[in-house]
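These notes are about the structure you will find just below.
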Amino acid sequence: MNVLEARGLGKRFGSVRAVEGFDLVVREGETCALLGPSGCGKTTALRLVAGLERPDEGLVRIRDRVVAGPGAWVPPEARRVGLVFQDWALFPHLDVRANVAFGLDGDRRGRVEELLELVHLDGLADRMPHELSGGQQQRVAVARALAPQPDLLLLDEPFSNLDAQLRAAVRTEIRELLRATGTTAVLVTHDREEALSVPDRVAVMLEGRVVQVGTPFEVYAAPADGRVARLLGEANLLPGRARGGRVRFALGEVEGSLPDGPCEVLVRPEALRATPDADGEARVDDVAFYGHDQLLRCAIDGATLEVRLAGPHPELGPGARVRIELVGPAVPLPARA
Ligand code: ATP
């Protein structure tokens, strides 16, 4: 069963087309991330679904009800949609229990204790928002949005106010919470790690529309084109040439059903290996060390290749000569428009 169906949504602000031809379907119990660069229209799309904006074109259906579209308009408070924003917007003068209970009628108050337990805040029910850490405030905001049992939970960059370490922990908790409660959710983010690690599916958005939808694995491994590939992670995009179902490029030849002619080949940095070699054709120009791995930027024949190596490799500092080999997938992509 589809909980959300957006078809052909369009929204202009003056001369700016914020959203155009936006299609998205989210199934029951699924978390879908909406990933895209700044300004591509993610927040506007979410606001159209929530009813905080009216579309110029297209329709929004939540379960079996058209809530926005030609001749149809259901106001936000009647859409059964929960919202969690970047700033969490807790009521500062209400304690945790009252924040979560806000908007619930009297006979459902028992649900508050249950929710606080679910988000691991049961000991903190009497605290005021300013007495909570950022991560705890975040969980209160999610519990409050879930309290009325919405059909759909919309989260707009909910982790962006948290520092990197806390962010990873809260992200895991929220993912578990959404799964445990069977919540159907749309998570807006411009953070690729978040978009790959939290949801069941990712909808990649560019210039106002969704250009690809798939599981995190699918969109990472088989992006629709070079722009999508770059949004999802570091990407070497090498020039290639397709002919009769094969694609030739600098590192070899792969199968690829593209029309004959020029194309691109995606090689993720982890699909390459660099080995120290005094006669190697490449030179390490730069190293970014992340602890669990490192990203080398290597110069080869006037081009640059990024190579990701697991574990520390102090011998591969800037200036080292290396041999580069393809050890993972090379994915042919259509030529850049
Ligand atoms: P970010 O990741 O930076 O938040 P976004 O993908 O969420 O960006 P939107 O906030 O939806 O993008 O904005 C899409 C485009 O619409 C931008 O060019 C933005 O400047 C414009 N826009 C959004 N809201 C308004 C508004 N109320 N009035 C005028 N222009 C707007």
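Worth knowing before you read on, the calculation uses all heavy atoms, side chains too, and leaves out hydrogens, waters and symmetry mates.
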Result for side chain to side chain contact (heavy atoms under 4.5 Å, CB included) between L34 and one of T189, V26, D156, V210 points to V210
Do you know the tightest heavy-atom contact between [X] and [Y]?
| X | Y | result |
| --- | --- | --- |
| G244 | D260 | N-OD1, 2.9 Å |
| V219 | V213 | CG1-C, 4.3 Å |
| A125 | D95 | O-CG, 3.6 Å |
| G135 | L166 | N-CD2, 3.6 Å |
| V3 | E28 | CG2-CA, 3.6 Å |

Exercise. Would you kindly confirm whether L155 and L35 end up in one hydrophobic cluster when ILVMFWY residues are joined by side chain heavy atoms under 4.5 Å apart?
Key: no
Any link between F159 and L196 through a network of hydrophobic side chains (Ile, Leu, Val, Met, Phe, Trp, Tyr) touching at under 4.5 Å? no
Practice prompt. With side chain to side chain contact (heavy atoms under 4.5 Å, CB included) as the test, would you mind laying out the steps for C298 and T304 before giving the verdict?
Written response: CA-CA 6 Å; C298 302; T304 298; over 6 Å; no
So, do [X] and [Y] sit near enough that their side-chain heavy atoms are less than 4.5 Å apart?
| X | Y | answer |
| --- | --- | --- |
| T215 | V202 | no |
| L316 | L296 | yes |
| L295 | V307 | no |
| L153 | V84 | yes |
| F91 | V140 | no |
| E325 | T275 | yes |
| V66 | V60 | no |

Practice problem: Please assess H190 against E157 for the test side-chain hydrogen bond (donor to acceptor under 3.5 Å, both in side chains), listing each intermediate value before the final yes or no. | Solution: CA-CA 8 Å; H190 64 267; E157 306 266 4; 2.8 Å; yes
- Message: Can you tell me if R248 has over 12 outside heavy atoms packed within less than 6.0 Å of its CZ?
- Response: no
Only one of R7, R12, K11 passes salt bridge (charged side-chain N to carboxylate O under 4.0 Å, His left out) with E57, and that residue is R12
Residues passing the salt bridge (Lys or Arg N to Asp or Glu O under 4.0 Å) test with E207, sequence neighbours excluded, are R227
Sorted by chain and number, sequence neighbours left out, side chain to side chain donor-acceptor pair (under 3.5 Å) with R268 holds for none
**Study point:** Verdict with reasoning, T184 to E30, per side-chain hydrogen bond (donor to acceptor under 3.5 Å, both in side chains)
**Key:** CA-CA 5 Å; T184 309; E30 168 180 75; over 6 Å; no
